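All chains are named by letter (A, B, ...) in the order of the sequence lines, taking the proteins before the strands, and each is independently numbered beginning at 1. Note that the coordinates shown come from a computational prediction; the quantities given were computed from them, not determined experimentally.
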2 protein chains.
Amino acid sequence: MAATEGGPRLIDVARAAGVSIATASRALAGTPGVRPAVAEAVRRQADELGYVANVHARTLAGGHSRTVGLVVHEIGDPYFSEIASGLLRLADTEGLSLQICHTGRDPGAELRQIRTLVAHRVAAIVVAGSGFVDAAVEEPARRELERYAANGGRVAVIGRHHLGADAVLPPNEEGGRAVAEHLLALGHRQIAVITGSPVLTTVADRLAGVHAALADAGLDPAAAPVVEGPFTRDGGRECARRVLAEHPGTTAILALNDDMAIGCLSVLREAGVAVPDRMAVTGFDDVAVAVDLNPSLTTFRLPMAQMGEAALTLALKEPTSRPRRHHVVGELVVRGSTAVTAPAAAGAATP
Amino acid sequence: MAATEGGPRLIDVARAAGVSIATASRALAGTPGVRPAVAEAVRRQADELGYVANVHARTLAGGHSRTVGLVVHEIGDPYFSEIASGLLRLADTEGLSLQICHTGRDPGAELRQIRTLVAHRVAAIVVAGSGFVDAAVEEPARRELERYAANGGRVAVIGRHHLGADAVLPPNEEGGRAVAEHLLALGHRQIAVITGSPVLTTVADRLAGVHAALADAGLDPAAAPVVEGPFTRDGGRECARRVLAEHPGTTAILALNDDMAIGCLSVLREAGVAVPDRMAVTGFDDVAVAVDLNPSLTTFRLPMAQMGEAALTLALKEPTSRPRRHHVVGELVVRGSTAVTAPAAAGAATP
DNA sequence: GTGAAAGCGCTAACAA
DNA sequence: TTGTTAGCGCTTTCAC
């Protein structure tokens, strides 16, 4: 600990090893062209002094960063924490550090966070939060990212954005379709959809899939109630109550994510509505706990950890002239919250 | 976009505004001593050029970092993602960026991650993963952090560590005691504990609380089966199976975290063991989904988000000569997985 | 109030 | 193989 505040510097190590700062740098970086014995001596001295290279100096001098940024809506949300987990695992094996930002689904915050990551000159930025249907909302962020990319930064997004970047695309529409078809196959005709704000592409795409399935079955999509609230567990509770009150003939509630489905199940339990006998419920995402609910949740599985990994993989590749699209495969997972038989007679739940 | 690869620099802004680089720096940093009109002009130019200050250059020159590091076992785990969420929220309002590392409960990885954060010269490091009972295991990390602190870094930990740092201390022992007393009060006498590895202080402390309660009730703590497995949902499944097979008289399973309790519930459901009638189950932590399980989970609530916030708060304060200890208050939350009445006759589950 | 210039700690030419 | 040196982009004295 010979050092002044800030710790030992490369020059301290070099002096201790009796070499120049350049040689010390090479030895520590593993650059070839240093006699093994010298390199070894340098490393030993570094170790002894507890030397840890200053990343800022290194990045500034070298021009390359070993940090990547991840933008999520909310890291406490399992959907995003599972994405983060997969991404972090890959980052770790690649020797990259991860900086996480959250936006709370606010486009303004998203822009601020992106600027922060740009300021850090991260090697890549992964935007994991849902895109917005209205391209204008994302325009400032798009410009910022475009500039960042023009300056050598790499960008990848998860979901459908208007960001002009490489994208990992979850099968939202297919999933919405699959879930709806599953309910239709069980005989449900009075299906209520509970959902987050349709300004999000995630919501819009899942809903489009649901409507397509209804139309294919000869039903009028416009006739199916769509009840909207926050895209969270509490939003699910709120919407479920409204479905119960305003659409009494409903035999199935199709939630556009697991969080809402979970909130919905809790309301139904409190209201004494048997699931799946009097009401079928489905979710979307297959977060880890979906299987542990009782009844366990029928849902459309998205491989979140893989999606995080895939996004970072895209971001780490050389850019192409036009954005890449990596399509992810999902899977309907049928569990206890939807009966394997036809629903109880519609209208049974009518007051 | 007049800039070379890397984006516009301060000097580009300064030139565009017709001032020196020093004035531009002051204007952008909000340092007093710049004529308002000039400052305004600089800011406008910066905006126009899309200038974003290089954090590395800034940190290197200024000596202060606006990034903090968080070390967790696994960010996909709700316990940690909720801690991260609380911490991130505070970091955000303080204008700090967050870098996250995970260790997978491996002390070696923990050391590596700490070194990475030191290399980044983060302003503070928060270690959120459980400590290890064996001080020797943490010794290398302790030395690294000590050196970091000596060089002006700030450290805070969550849980009992041998790291010599400010600590946020969850009431693990009290919680273990509370859960056990609750089961005892319900009349349970055949209580099996399922747990993660006792090398973790979190596990050791919770277990100590349980044993203390048993002893106070006049029972022999050594007589209560303690079944150990991974501190995860799957570990809970494994341990629950073993309890069923090896300790047939058991009327209550006390899991030392919610993850294990959740796995346990799923095994009991598959085995057709009614909860809470034939078997009571308790968890620890009160992760978000605990309330949504069916039966909902009786558990000891830890305010994870607050703990994350408190840890960062400690880390942001001026250091004191001896480590601070911030004690957190928890709360027993009684739910459906423990009956409100005495248990079914012991032995009912005997083959 | 403003500018010139000296670093911050490191990497990467370029020399030797 | 090793050393010298010029920056990387910014903050911050110190003069003016």
query = Among dT11(D), dG9(C), dT2(C), which is the nearest nucleotide to the side chain of Leu10(B)?
reply = dT11(D)

Test side-chain hydrogen bond (donor to acceptor under 3.5 Å, both in side chains) applied to Asp166(A) and Arg325(A), Arg322(A), Arg154(A), the passing residue = Arg154(A)

key: Option from Leu316(A), Leu87(A), Val122(A), Leu88(A) for which side-chain contact (heavy atoms from CB on, under 4.5 Å) with Leu96(A) holds   = Leu316(A)

request  = Taking only the side-chain nitrogens and oxygens of Ser25(A), find out if one of them lies under 4.0 Å from OP1 or OP2 of dT11(C).
outcome  = yes

message = Using modelled atom types and a 3.5 Å cut-off, is there a donor and acceptor pairing between side-chain atoms of His326(A) and backbone atoms of Met307(A)?
response = no

Side-chain donor or acceptor of Gln99(B) paired with backbone N/O of Leu117(B) under 3.5 Å = no

key: Phosphate OP1/OP2 of dT2(C) contacted by Arg35(B) side-chain N/O (<4.0 Å)   = yes

request  = Decide, yes or no, whether a salt bridge links Arg44(A) with Glu48(A) under the criterion of side-chain N to carboxylate O below 4.0 Å.
outcome  = no

ask   = Between Arg147(A) and Glu144(A), is there a salt bridge with N-O shorter than 4.0 Å?
value = yes

Axis deviation across the helix from dG1(C)-dC16(D) to dA16(C)-dT1(D), five-pair ends, to the nearest 10° = 40°

Rounded interatomic separation in angstrom, taking CD1 from Ile21(A) and P from dG3(D) = 11 Å

message = Heavy-atom nearest nucleotide on DNA chain C for Val38(B) versus Ile11(A): which residue maps closer to 5'?
response = Val38(B)

inquiry  = Near DNA chain C, counting only heavy atoms under 4.0 Å, which residues of residues 113-125 of chain A show up?
reply    = none

request  = Measure the shortest side-chain to side-chain distance between Val199(A) and Val133(A) over non-hydrogen atoms and say whether it is less than 4.5 angstrom.
outcome  = no

query = Taking only residues two or more places apart in sequence or in another chain, which ones pass salt bridge (charged side-chain N to carboxylate O under 4.0 Å, His left out) with Glu40(B)?
reply = Arg43(B)

Any N/O pairs under 3.5 Å between the protein and nucleotides 13-16 of chain D? List them or say none.
{"unit_1": "dT13(D)", "atom_1": "O4", "unit_2": "Arg26(B)", "atom_2": "NH2", "d": "3.2"}

key: Donor-acceptor contact present, side-chain Asp106(B) to main-chain Thr103(B), <3.5 Å   = no

inquiry  = Quick check on dA4(C): is either OP1 or OP2 less than 4.0 Å from any side-chain nitrogen or oxygen of Ser20(B)?
reply    = no

inquiry  = Among residues 53-69 of chain B, which ones have heavy-atom contacts with DNA chain C below 4.0 Å?
reply    = Leu60(B), Ala61(B)

key: Euclidean distance, Ser97(B) OG relative to Asp92(B) CG, rounded to 0.5 Å   = 8.5 Å

inquiry  = In this structure, how many angstroms lie between the P atom of dT11(D) and the CZ atom of Arg9(B), rounded?
reply    = 14 Å

Side chains of residues 75-84 of chain B: which donor-acceptor partners sit under 3.5 Å, not counting sequence neighbours?
{"unit_1": "Asp77(B)", "atom_1": "OD1", "unit_2": "Tyr79(B)", "atom_2": "N", "d": "2.9"}
{"unit_1": "Ser81(B)", "atom_1": "OG", "unit_2": "Pro78(B)", "atom_2": "O", "d": "3.4"}
{"unit_1": "Glu82(B)", "atom_1": "OE2", "unit_2": "Ala288(B)", "atom_2": "N", "d": "3.3"}

task = Apply the test side-chain contact (heavy atoms from CB on, under 4.5 Å) to residues Ile114(B) and Leu145(B): give CA-CA distance (whole Å), side-chain angles for both, the deciding distance (0.1 Å), then the verdict.
result = CA-CA 8 Å; Ile114(B) 289 173; Leu145(B) 288 173; 3.6 Å; yes

note = Which of His120(A), Arg121(A), His56(A) passes side-chain hydrogen bond (donor to acceptor under 3.5 Å, both in side chains) with His56(B)? Answer is His56(A)

